[in-house]
Amino acid sequence: MTALRRFLLVCALVLPAVPMPAAATVAAEFDVRDYGATGNGSTYDDDAIDQAITAASAAPGGVVVFPPGRYRSRTIHLKSNITLRIDGGATILAAGSGMDAPEPNPYDDYQDYGHSHFHNSLMWGSGVTDVHITGAGTVDGDGNLITGNPSSGQADKALTLTECSDISLTGITFRRGGHFAALVNGCHDVVIDHLTTVRSSSGVRDGINLINSWNVTVSDSRIEAGDDALVFKSDFALGHTYTSQNVRVRDTVVYSHENNALQFGSETCGDFRDFRFERITVLGAGKAGIGIVSMDGAIIEDIHYENVTLTRTTSPLFFKIGERRRCPGSPPAGRIRNITLTGVTGTGLTAPVVTGTVGASDYTSTMTGTPAVDIGPGITLTDVDLRVPGGHPASEATRVPGEFPTTYPPRDYGPRPSFGYWIRHATGVTLNGETRFDDNDNRPAVIVDDSSNVVLTGVVAQRGSGSAYDVGFSGVTGYAVRGSSNTAGGALRVRAVNSTPVPGNPVTRYAEAESGVITEPMRVWSDPAASGGSYVSVTAGHNSKSAAPSTGWTTLPFDVSDAGTFSVWARVIAPTTSDDSFWVRSGTGTWTGWNNIPLGTAWHWARLPVTYDLAAGPRSLTFAYREDGARLDRVAISSDPAFTPADGSPNLDHLDVATPT
């Protein structure tokens, strides 16, 4: 044995083994051309595409690659554990015939034909998981996808996904998508990012319909359509519904040429909660820029819009509870409540196209329930500044629009009696912001009918040269106009008929969380940065995400001197998305899961997504643990719409808490 070999052998025996870095896993690629696709724009390539999908799914996790070319296709059948990568210069083109037939659906009486059938699509997948469509390429209906009811061999959707999970649509462009560019029903954990839908003069109707879906993120996209652009619905096409929740839309441009831009409904069999819209640009809407309608019994709540810009929208805001009852059991009117809009601006608010379904060029922002069911409470508009077209006569101020319980277009109500906001059958509404017009308008700025607890605070309203008053209340129990003025700085002229002001005075209370009645495993912890040097949190390892725990609370009893609608704030630390929630309830009422608290590793104030209507007298507020890293320092409640909590505020208005046990 040579000296070198002896040296190497000794090293191998003496020196510890050094692990080699693991090789990065590279997903197998399956080029559709290898399976016979031509990409010549005329030969049907769908058989080859389906074969590549089958091979990629069996890998699993394979990537189906579409190199540059034009792939004419009949229906493509999606399977689990695949990625479709449509490269730049590649286009999947819909065939004009030979598409899958629509499957039978015993529940198709509850929604339109297009919502009821899924297989008559350019691409569809049912019950699939881990499906991703990405790339810089295009999916194009090529004028062959029908916007109405298709005939035999025709399709009306570019992409349909039902009861699926772990889905992403990134980078691609949809053109001429038919009735729907993408119809997603009963799916969860969906990511839509840098996606574009393109409207052409024909062959396009809705953009993206997210139906009965949850855990959804839409970001950095441009959604444009002739009909509804980005819409959230809950129909009965699956034979059941899911609660639509935990949806986030941000940094996205939305444009509907003839109908709604951001819309809930009209199909509303199931409930909606916990939606957040941030940094949204609405370039046009022939109906509503921001629309929420509950027509079929749904509860729509905990919906929040922040930093939204509106232009060319016929009706900037349109919120309505109706009673169409187009769901099993003919459900009664639903609810719309706990809706906030913050930092919303609107200019150039006229219809993009004044034809067909649009109606007139502009309609006043509207909130209306039914004679039996109020919209609200918790409808709060903060820094909402709208500049409307104006130009309407004073004679329209006496109009009394009909009820229209079974229909939902804004045009049904005709001209409203006010130019800024028309509110009817509502409770717990707070308005803040500026309302102006381009051309002199002699209607009042705000009209409120048959409502309760409606407060204008910090409102600036332009005054028409021939208007008789600025704000009108009729049949309103509890109204207030605080800190508001016209654009010249004068007080707003208020006309109240059969109405009463908000009784008593606004009530504000602060309290330390550690001063409540605390039960294990919730405990008091020390922190010099916390108010009073202490805070409350659960011990590590305790999580109760599906329901409030039976113990592990801090309960704060307090007295309310005057009844009102109370908002709640908490000074918190929420370090991560896995440590950002509590359960909260008033008295012995229903628990609310306060999830997605704004993150931060330093103490900061956050507002709960619900409000509580409290009568005068002894009351209590309870916080229970949900995730073990969330910390609770201080609590504030207030019935003053203009209230903002502040660090260092004295506890002179404390919560009259009991001694902890």
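No hydrogens, no waters, no symmetry mates; every other heavy atom, side chains included, goes into these values. Since we're looking at a predicted model, the values are computed, not measured.
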Under 3.5 Å donor-acceptor, Ser639 side chain and Pro506 backbone: no

Between Arg509 and Ser638, do the side chains contain an N or O donor and an N or O acceptor separated by less than 3.5 Å? no

Counting C-beta onward and ignoring hydrogens, is there a side-chain heavy-atom pair between Gln263 and Lys233 closer than 4.5 Å? no

Supply the atom-to-atom distance Ile379 CD1 to Leu317 CG, rounded to the nearest 0.5 angstrom. 11.0 Å

Any side-chain heavy-atom pair of Leu431 and Val455 under 4.5 Å: no

If you look only at pairs with a residue in residues 287-333, which of them pass as a disulfide bond (SG atoms under 2.5 Å apart), with sequence neighbours excluded? Cys269-Cys327

Salt-bridged, Glu278 to Arg250, with N to O below 4.0 Å? no

Please report the C-alpha distance between Ser567 and Arg607 in whole Å, then the side-chain angles of each, then the deciding distance to 0.1 Å, and finally whether the side chain to side chain donor-acceptor pair (under 3.5 Å) criterion is met. CA-CA 8 Å; Ser567 297; Arg607 183 174 180 170; 2.9 Å; yes

Test your reading of the model: is there a side-chain donor-acceptor pair from Thr311 to the backbone of Val282, 3.5 Å cut-off? yes

How about Thr243 and Asp271: does a side-chain donor come under 3.5 Å of a side-chain acceptor? no

Go through Thr281 and Val254 one step at a time and tell me if the side chain to side chain contact (heavy atoms under 4.5 Å, CB included) criterion holds. CA-CA 6 Å; Thr281 300; Val254 185; over 6 Å; no

Within the structure provided, determine whether Thr435 and Phe419 are in side-chain contact (heavy-atom separation under 4.5 Å). yes

Does a side-chain N-to-carboxylate-O contact under 4.0 Å join Arg276 and Asp302? yes

Scanning both residues in full, the closest heavy-atom pair of Arg482 with Asp640 reads NH1-OD1, 4.2 Å

Picking from Thr340, Ile339, Thr342, what satisfies side chain to side chain contact (heavy atoms under 4.5 Å, CB included) with His304? Thr340

Name all residues meeting the salt bridge (charged side-chain N to carboxylate O under 4.0 Å, His left out) criterion together with Arg205; count only those two or more places apart in sequence or in a different chain, and write none if there are none. Asp227

Do Asp228 and Asn260 pair up side chain to side chain, a donor and an acceptor below 3.5 Å, judged on atom types alone? yes

Using a strict threshold of under 4.0 Å (side-chain N to carboxylate O), is an ion pair present between Arg326 and Asp296? no

Give a yes or no on whether the ring-centroid distance for Phe275 and Phe232 is below 6.0 angstrom. yes

Summary of side-chain hydrogen bond (donor to acceptor under 3.5 Å, both in side chains) pairs that have at least one residue in residues 368-393, sequence neighbours excluded: Asp362-His392, Arg387-Asp438, His392-Glu396

What about the rings of Trp422 and Tyr363, do their centers lie closer together than 6.0 Å? no

Spacing of Phe264 atom CZ and Phe319 atom CZ [to the nearest 0.5 Å]: 9.5 Å

Tell me, please, which residues at least two apart from Thr622 pass side chain to side chain donor-acceptor pair (under 3.5 Å). Thr555

Tyr479 vs Phe473 aromatic rings, parallel, tilted or perpendicular, using cut-offs 30° and 60°? parallel

Could you grab the distance from atom CD of Glu306 to atom CZ of Phe277, nearest 0.5 Å is fine? 13.0 Å

Which pair of heavy atoms, one from Leu283 and one from Arg312, lies closest together, and at what distance? O-CB, 3.6 Å

Report the residues that fulfil side chain to side chain donor-acceptor pair (under 3.5 Å) with Thr565, sequence neighbours left out, ordered by chain and then residue number. Asp613

Do the side chain of Ser213 and the main chain of Ile211 share a donor and acceptor less than 3.5 angstrom apart? yes

In Å and rounded to the nearest 0.5 Å, what is the CZ to CZ distance from Phe566 to Phe558? 7.0 Å

Under a 3.5 Å threshold, yes or no: a donor from one side chain and an acceptor from the other, between Arg493 and Ser467? yes

Out of curiosity, Arg248 CZ to Ser219 OG, how far, rounded to the nearest 0.5 Å? 13.0 Å

Please report the shortest heavy-atom distance between Ala351 and Thr314, naming the atom on each side. CB-OG1, 3.1 Å

Exam field: side chain Asp441 to backbone Arg443, donor-acceptor pair closer than 3.5 Å: yes

Donor + acceptor pair across side chains of Asn246, Arg273 (<3.5 Å): no

Report yes or no: does Ser451 contribute a side-chain atom to a donor-acceptor pair with the main-chain N or O of Ala426 at less than 3.5 Å? yes

Are Phe623 and Trp583 close enough that their ring centers fall under 6.0 Å? no

Nearest heavy-atom neighbours spanning Asn442 and Gly464: OD1-C, 3.6 Å

If the condition is salt bridge (charged side-chain N to carboxylate O under 4.0 Å, His left out), which residues does Arg399 pass it with, not counting sequence neighbours? none

Do Asn185 and Asp235 pair up side chain to side chain, a donor and an acceptor below 3.5 Å, judged on atom types alone? yes

Centroid-to-centroid, Phe180 to His115, below 6.0 Å? yes

Asp274 side, atom CG; Asn595 side, atom CG - distance, nearest 0.5 Å: 6.5 Å

For Met295 and Thr268, the nearest pair of non-hydrogen atoms, with its separation, is N-OG1, 2.9 Å

Hey, are Thr427 and Ser452 close enough side-chain-wise for a donor-acceptor pair under 3.5 Å? yes

So Arg279 and Asp220, salt bridge (charged side-chain N to carboxylate O under 4.0 Å, His left out) or not? Walk me through it. CA-CA 10 Å; Arg279 300 178 299 280; Asp220 296 287; over 6 Å; no

In terms of side-chain geometry, is the basic nitrogen of Glu403 or Arg424 positioned less than 4.0 Å from the acidic oxygen of its partner? yes

Between Arg335 (side chain) and Ala333 (backbone), is there a donor-acceptor pair under 3.5 Å? yes

Ignoring hydrogens and angles, tell me if any N or O in the side chain of Ser499 forms a donor-acceptor pair with the backbone of Val476 under 3.5 Å. yes

Looking only at non-hydrogen atoms, find the nearest pair between Val502 and Gly478 and report the distance. CG2-C, 3.5 Å

Hey, is the main chain of Gly270 close enough, under 3.5 Å, to the side chain of Ser234 for a donor-acceptor pair? yes

So, Arg324 versus Ser266: side-chain donor-acceptor pair below 3.5 Å or not? yes

Between Ser484 and Val459 (side chain of the first, backbone of the second, donor and acceptor by atom type, cut-off under 3.5 Å), is there such a pair? yes

